[in-house]
Structure formats: structure tokens, C-alpha cells
Amino acid sequence: MAKEARAWVRLPSGRRLDLLAPTPFDWTDEDLATGLARTFRWGGHSIWPGAPLSVAQHSLAVLALRRAAKPAPGRAEARRELLHDAEEGLTNFDCISPLKPFLGPGFLQLQERLSAVIATRYALPAWDAGSKKLHKKLDIAMAAAEAVHVAGWSAQEVRDTLGIRAAVMAADPLAAIHGGEPWRPWPPELAAERFLAELRRVA
């Protein structure tokens with residue numbers, strides 16, 4: 001008899017997560033924060049020496065943009081924004097968008113299962129058309145800025161090569177909140193700490 005497929009991950013808390021059959025009780029908030037802080041955007045490439053940009057920092061930046069937009073988000077909406085990439089913290093993999101179709105339907109199903117249990121765990125409201133459109137606008141704007149200020153693309157390359165049409169913002173939305181050098185990626189421990197603090201704030 002063939003063994004049932006499993007894909008176990010042992011998390012920092014000692015809990016075990018089966019990525020193929022997750023439940024909402026398989027990780028702690030600290031596990032999620034740590035995973036997102038150790039998962040890097042842009043393939044881990046960065047113009048900052050020894051400092052790739054974490055998904056945790058990206059998520060906080062998108063939330064900061066959402067809070068500056070109108071209408072202001074409620075607590076549940078803010079939580080949904082903060083956790084919009086949360087499944088990446090459980091797989092420790094932020095796949096660049098153009099590559100996803102080549103990974104096949106199995107990878108999409110894995111992402112959808114993880115997203116579903118995350119939504120259940122944190123009582124995330126479903127996206128409506130308007131909120132999803134605003135989220136995508138802010139997420140893309142953040143990607144354009146990161147491409148230039150973190151990954152080292154030029155603004156022209158962002159448009160012509162990456163196909164991102166958003167204007168490249170100059171101001172780091174997190175600098176006004178946390179200080180520090182604008183656009184510098186945070187160390188993973190600091191990113192995890194700040195993400196966890198925000199998650200508890202909007203819980």
C-alpha cells in the first residue's frame with residue numbers, strides 16, 4: 001500500500017505543519033512572524049549589503065499604505081491586509097509572479113489551502129471587488145518602489161522590463177513609523193518582532 005503523501009515542516013515553536021493538509025491550529029503567531037521575516041522578496045536579491053527584504057516588512061508597508069488611503073480600514077480589514085501574503089511564511093517561499101504558472105495547479109492548490117486555514121484562524125473577511133482592487137493597487141505600488149529602492153532596477157526597467165505600471169514612490173511608508181534609513185531592509189529578528197506586534201494590535 002502506498003504511503004499517504006505528507007509534507008511536514010517543523011516550526012520554531014516545535015509544532016509540526018503538514019503543508020498538504022494544514023489546519024488552523026498548526027502554528028503559533030510567533031512561528032508565522034518568524035517565517036515571514038525569514039522569507040525574502042525579489043529572490044533574496046538586494047542592493048543593500050547582507051540585507052534582503054522580508055515578506056514581513058513588505059506586509060507592514062502595504063498595511064501602512066492602506067491606512068493612509070480612504071476609507072480607513074477597520075480592524076478586520078487591517079488584519080486581512082497584514083496577512084495578505086501569510087501563506088508564504090508557512091512555505092518560506094515567495095514565488096515571483098511570472099514563475100507561478102510554471103509550477104502547475106498543485107502549487108496553486110497548496111497556496112489556496114494554506115490561505116483558507118489562515119483566513120479561518122484569523123477570522124479574515126472575504127475580499128469584495130472594491131477592497132481587492134484597492135489592495136492590488138497598493139501592493140503593486142509597493143512592488144514598484146521595492147524594485148527600485150531594494151532590488152536595484154531603474155524606474156524605466158520597472159515599467160519596460162517588469163511590466164509594472166505604477167509610479168515609483170520616493171517616500172518609504174515605514175520610515176515615518178519606525179524611523180531608520182528609508183528603504184533599508186530590516187534584520188529578520190526585527191522584522192519578526194514588528195510584524196508580531198502589529199498582528200497582536202489588529203487581532
Side-chain angles (χ1 to χ4, degrees), residues 32 35-37 39-43 45 52-91 93-105 107-151 153-177 183 185 191 195 198-199 202:
L32 182 60
L36 287 167
T39 302
F40 301 122
R41 287 176 61 79
W42 304 99
H45 302 296
L53 178 70
S54 71
V55 176
Q57 187 171 347
H58 163 81
S59 299
L60 287 165
V62 175
L63 175 57
L65 292 180
R66 179 64 186 86
R67 282 179 167 150
K70 296 186 183 303
R75 185 181 294 256
E77 294 172 300
R79 190 163 63 248
R80 179 181 62 195
E81 202 67 62
L82 179 67
L83 294 169
H84 74 271
D85 282 334
E87 78 282 355
E88 295 172 3
L90 299 178
T91 61
F93 180 43
D94 177 15
C95 181
I96 58 175
S97 296
L99 186 59
K100 288 182 180 180
F102 295 93
L103 299 183
F107 179 70
L108 177 60
Q109 291 164 9
L110 182 148
Q111 285 188 305
E112 289 175 344
R113 282 194 297 269
L114 288 171
S115 295
V117 296
I118 288 165
T120 299
R121 162 78 174 259
Y122 295 104
L124 304 184
W127 294 98
D128 59 50
S131 61
K132 187 67 173 181
K133 182 178 180 180
L134 177 56
H135 161 72
K136 292 301 294 182
K137 177 183 177 181
L138 301 177
D139 200 31
I140 291 170
M142 200 64 224
E146 292 169 357
V148 172
H149 300 300
V150 177
W153 295 89
S154 71
Q156 189 69 32
E157 288 172 324
V158 168
R159 185 176 182 85
D160 295 344
T161 304
L162 301 183
I164 300 175
R165 303 302 180 190
V168 177
M169 71 182 81
D172 179 353
L174 293 177
I177 301 170
W183 301 110
F195 183 92
E198 189 59 54
L199 180 58
V202 298

Tell me the closest heavy-atom pair linking A144 and A166, and the distance in Å. CB-O, 3.9 Å
Rounded to the nearest 0.5 Å, the CD atom of Q57 sits from the CZ atom of F40 at a distance of 10.5 Å
Pair V117, E87 - check side chain to side chain contact (heavy atoms under 4.5 Å, CB included), show working. CA-CA 9 Å; V117 296; E87 78 282 355; over 6 Å; no
Heavy-atom closest pair, residues F93 and T39: N-CG2, 3.6 Å
Whether over 12 other heavy atoms sit under 6.0 Å from K137 NZ: no
Could you report the tightest heavy-atom contact between A64 and L174, atom names first, then the distance? CB-CD2, 4.3 Å
Could you give the distance from CZ (R80) to CZ (R66), rounded to the nearest 0.5 Å? 8.0 Å
Can you give me the closest heavy-atom contact between L83 and L32, atom names plus distance? CD2-CD2, 3.8 Å
With a cut-off of 6.0 Å (strictly less than), are more than 12 heavy atoms of other residues, nucleotides or ligands near NZ of K132? yes
Taking S115 for the side chain and Q111 for the main chain, is one N or O donor matched with an acceptor at less than 3.5 Å? yes
Just so I know, are the side chains of E88 and L114 near enough to count as touching, which here means a heavy-atom distance under 4.5 Å? no
Where do A155 and V168 come nearest, in terms of heavy atoms and distance? CB-CG2, 4.2 Å
About how many Å separate CG of L108 and CZ of R113, when rounded to the nearest 0.5 Å? 10.0 Å
Would you list the atom pairs, donor with acceptor, under 3.5 Å between side chains in residues 68-79 and any protein atom, with sequence neighbours excluded?
unit_1: R75; atom_1: NH1; unit_2: R201; atom_2: O; d: 2.7
unit_1: E77; atom_1: OE1; unit_2: G74; atom_2: N; d: 2.7
unit_1: R79; atom_1: NE; unit_2: Y122; atom_2: O; d: 2.7
unit_1: R79; atom_1: NH1; unit_2: V202; atom_2: O; d: 2.7
unit_1: R79; atom_1: NH2; unit_2: Y122; atom_2: O; d: 3.4
unit_1: R79; atom_1: NH2; unit_2: A123; atom_2: O; d: 3.2

How many angstroms lie between CG in D94 and CZ in R41, if you round to the nearest 0.5 Å? 5.5 Å
Would you please test K136 and H84 for side chain to side chain contact (heavy atoms under 4.5 Å, CB included) and show each step? CA-CA 10 Å; K136 292 301 294 182; H84 74 271; over 6 Å; no
Find the distance between CE (M142) and CG (L63) and round it off to the nearest 0.5 Å. 12.0 Å
Going through the checks in order, is the side chain to side chain contact (heavy atoms under 4.5 Å, CB included) test met by F107 and C95? CA-CA 10 Å; F107 179 70; C95 181; 4.3 Å; yes
Can you tell me how far apart CH2 (W153) and CH2 (W42) are? Round to the nearest 0.5 Å. 8.0 Å
Beyond-backbone contact of I177 with L60, side-chain heavy atoms, under 4.5 angstrom: no
Please work out which of the three classes, parallel, tilted or perpendicular, describes the rings of H149 and W183, given edges at 30° and 60°. parallel
Grab the two heavy atoms, one from S131 and one from D128, that are nearest each other, plus how far apart they are. N-OD1, 2.7 Å
